[in-house]
Structure formats: C-alpha cells, structure tokens
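Have a look at the structure below before the remarks.
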Amino acid sequence: MEAQELLIALHDESAGYEISPDRMPLSILRNFAKDVDEFLRGDGNDIDTSALDVSIKKGSFAIRTAPIANPILLNDLRKLAHSQEMDDIGPKRRAVIERWQKNARGGRRWRVSIGAGFLPAAIVISAESDFHADDADQWVRVERYVRGEIEDMGGQSKPNAHIRLPDGKILLVDAAREMLRDEKVNRLYKPAMVRIVAEYNVRTREYRGARLLEFVEHESRFNEKDLERLTQRGAKAWRDVPDAGAWIDELRGGKE
C-alpha cells in the first residue's frame with residue numbers, strides 16, 4: 001500500500017468552549033499530542049515520530065501527518081475501521097483508544113476521529129462508540145503456589161519480593177513488612193515456593209497485583225531412609241516372583 005496521510009482530530013468542549021488551534025488549554029494540547037505520539041509508535045515503535053512532520057488543522061484541533069507507509073499501523077487502522085473489537089490491536093495502541101473511549105463517555109462533548117484516504121470512513125471514538133477488547137475482562141482472582149528464584153526482597157515504602165519464574169519472567173509480589181522482617185531464612189538467589197493471591201489473565205497467563213501470603217517450605221533433598229523403606233517394601237511384595245521381568249512380559253502378552 002502506498003503511503004497515507006492521517007488526520008487525527010480532537011473535538012472537545014470540556015473547557016467551556018470548542019477548542020481550536022487558536023485557543024485551547026495547555027493540558028489538553030499536551031495530553032493529546034502525547035496520545036497521538038503513542039498511537040503512531042505502537043508497541044514496536046512502528047513510526048519514528050521524532051522525524052515525522054505534522055501540521056495543525058482546525059477541526060476542532062487536528063494533527064495531519066506526513067505520508068506514512070508503515071504496514072502495521074495501516075493494518076491496525078483498517079481493523080479499527082471495520083470493527084470496534086480490539087483483540088488484535090497491540091497493547092499500546094489499544095490503550096490509547098481505550099483512554100479516548102473513556103474520555104468520550106465522560107458526559108462532555110468529546111470525540112476523536114482518525115481519517116485516511118484508504119479508509120471507507122473516518123474512525124470515530126465518541127460517546128456512541130464502543131471500542132473494547134474482549135480479553136480486557138479475562139482477569140480472575142486466584143490463589144496460587146508459585147516456584148521461582150528470589151532475586152530481591154525489601155523496600156522502604158512498598159516492601160516486595162522479585163521472583164524470577166521458570167520462564168525467565170520477573171514476578172513482583174507485594175509483601176507485608178512484618179513478614180519480610182521476621183523471615184529467618186536467607187532466601188536470596190535460592191529456589192523457593194511461595195503462596196500468593198493475584199489477578200491472573202486466562203488469555204496471556206500473566207499475573208498482576210500479586211501479594212505474598214507465605215513462604216512454603218518444601219523438602220526436595222534425597223532421603224536415604226525413605227528409599228531403603230520403599231526398597232524393602234518392594235522386595236517383600238515381589239519375593240514370590242522368581243523373574244519379575246518375565247512376569248511383566250507375560251502380563252503384556254509375551255515379548256515382541
């Protein structure tokens with residue numbers, strides 16, 4: 001697809017007047033410019049916005065970009081024009097649309113439109129629209145046992161523990177100051193099992209808002225007495241079988 005100019009326009013009367021390039025609150029200008037920058041860059045910094053030329057247009061306040069040919073951004077715009085479900089839109093670009101949708105529902109005359117020549121119609125985020133992600137509410141409250149290696153514990157204002165999970169990710173777990181203070185075992189840089197309560201995303205399998213309930217002691221060392229006890233029990237059970245291997249082969253229907 002050839003490069004496309006985008007026109008991203010904000011219509012806002014929350015300040016008591018319709019904003020325009022001639023007059024608008026600085027906070028609205030700052031926040032909208034930041035949102036547009038984040039929307040264009042996306043998760044993979046799809047667009048180098050530091051080198052992107054724009055012009056300011058009325059409408060009430062609109063930003064027109066120089067022609068953009070990035071396929072990821074243009075494909076996302078095509079999806080948004082086709083459907084208000086945003087499951088296939090990257091998290092950063094989706095977050096901007098969700099902020100705009102929330103503002104539009106704030107009981108004020110506020111909307112954002114995104115226009116481009118290749119779109120059948122402008123994308124409009126308003127009080128009447130419902131841009132959302134179906135996976136947005138797939139967070140469930142769980143209590144879990146988690147294994148990992150504790151890489152850090154403590155904190156002055158917000159005590160927590162940093163646990164590196166088997167997949168290499170770091171899980172940040174809030175902890176009561178008293179629990180960390182009274183802990184007698186040095187657990188840093190050692191495998192551990194903890195019991196946590198957290199929100200768990202059933203789609204991405206991520207945790208958020210995790211809180212430490214307790215360190216769980218588990219014994220993983222070899223116990224020679226237990227092995228000896230099990231060996232004696234097995235020997236007693238098989239003492240009347242002269243050839244255990246032949247007996248198993250017979251149960252299986254003979255050797256292959």
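What's counted below: heavy atoms across the whole structure, side chains too, no hydrogens, waters or symmetry copies.
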Legend entry - The single option from D12, N31, I19 passing side chain to side chain contact (heavy atoms under 4.5 Å, CB included) against P25: I19
With a 4.0 Å cut-off, would you call [X] and [Y] a salt bridge?
X	Y	value
E149	R164	no
D130	R105	yes
E214	R195	yes

Inset, instruction - For the pair V216 and Y145, evaluate side-chain contact (heavy atoms from CB on, under 4.5 Å) and give the outcome as yes or no after the intermediate values. - result: CA-CA 8 Å; V216 180; Y145 290 91; 3.6 Å; yes
If two hydrophobic side chains count as joined below 4.5 Å and joins carry through other members, does [X] share a cluster with [Y]?
X	Y	value
V194	L171	yes
F118	I89	yes
V142	V173	yes
F32	V54	yes
L80	L119	yes

Quick one: does [X]'s side chain have a donor or acceptor within less than 3.5 Å of a partner on [Y]'s backbone?
X	Y	answer
N160	K158	yes
E13	R109	no
T65	L6	yes
N75	P71	no
R208	Y200	no
Q101	F131	yes

Taking side chain as C-beta onward, heavy atoms only, is [X] less than 4.5 Å from [Y]?
X	Y	answer
N103	S14	no
R94	P91	no
R99	E38	yes
W100	I114	yes
D76	K79	yes

Closest non-hydrogen atom pair between [X] and [Y], with its separation:
X	Y	answer
A198	Y207	CB-CD2, 4.0 Å
S129	V124	CB-O, 3.7 Å
P166	R147	CD-O, 3.4 Å
G117	Q4	N-OE1, 3.8 Å
L74	E2	CD1-O, 4.4 Å
G154	L180	N-CD1, 3.8 Å

Inset, instruction - Scan residues 181-193 for pairs that pass salt bridge (Lys or Arg N to Asp or Glu O under 4.0 Å), counting only residues two or more places apart or in two chains. - result: E183-R187, R187-E217
Is it true that, when you exclude [X] itself, more than 12 heavy atoms of the residues, nucleotides or ligands shown sit nearer than 6.0 Å to its [atom1]?
X	atom1	answer
R141	CZ	yes
R23	CZ	no
R41	CZ	yes

From [atom1] ([X]) to [atom2] ([Y]), nearest 0.5 Å:
X	Y	atom1	atom2	result
D152	I170	CG	CD1	9.5 Å
L73	F39	CG	CZ	6.0 Å
D174	R211	CG	CZ	9.0 Å
L10	L29	CG	CG	10.0 Å
I123	R78	CD1	CZ	10.5 Å
E98	H132	CD	NE2	10.0 Å

Inset, instruction - Dump the intermediate steps for side-chain contact (heavy atoms from CB on, under 4.5 Å) on L52 and I68, then the final yes or no. - result: CA-CA 9 Å; L52 180 67; I68 294 174; 4.2 Å; yes
Legend entry - Side-chain H-bond candidate by donor/acceptor type, E128 with S126, under 3.5 Å: yes
Inset, instruction - List, by chain and number, the other hydrophobic cluster members for L213, where Ile, Leu, Val, Met, Phe, Trp and Tyr join if side-chain heavy atoms come within less than 4.5 Å, directly or indirectly. - result: V197
Legend entry - Full working for side-chain contact (heavy atoms from CB on, under 4.5 Å) between M153 and L212: CA-CA 11 Å; M153 286 199 310; L212 179 64; over 6 Å; no
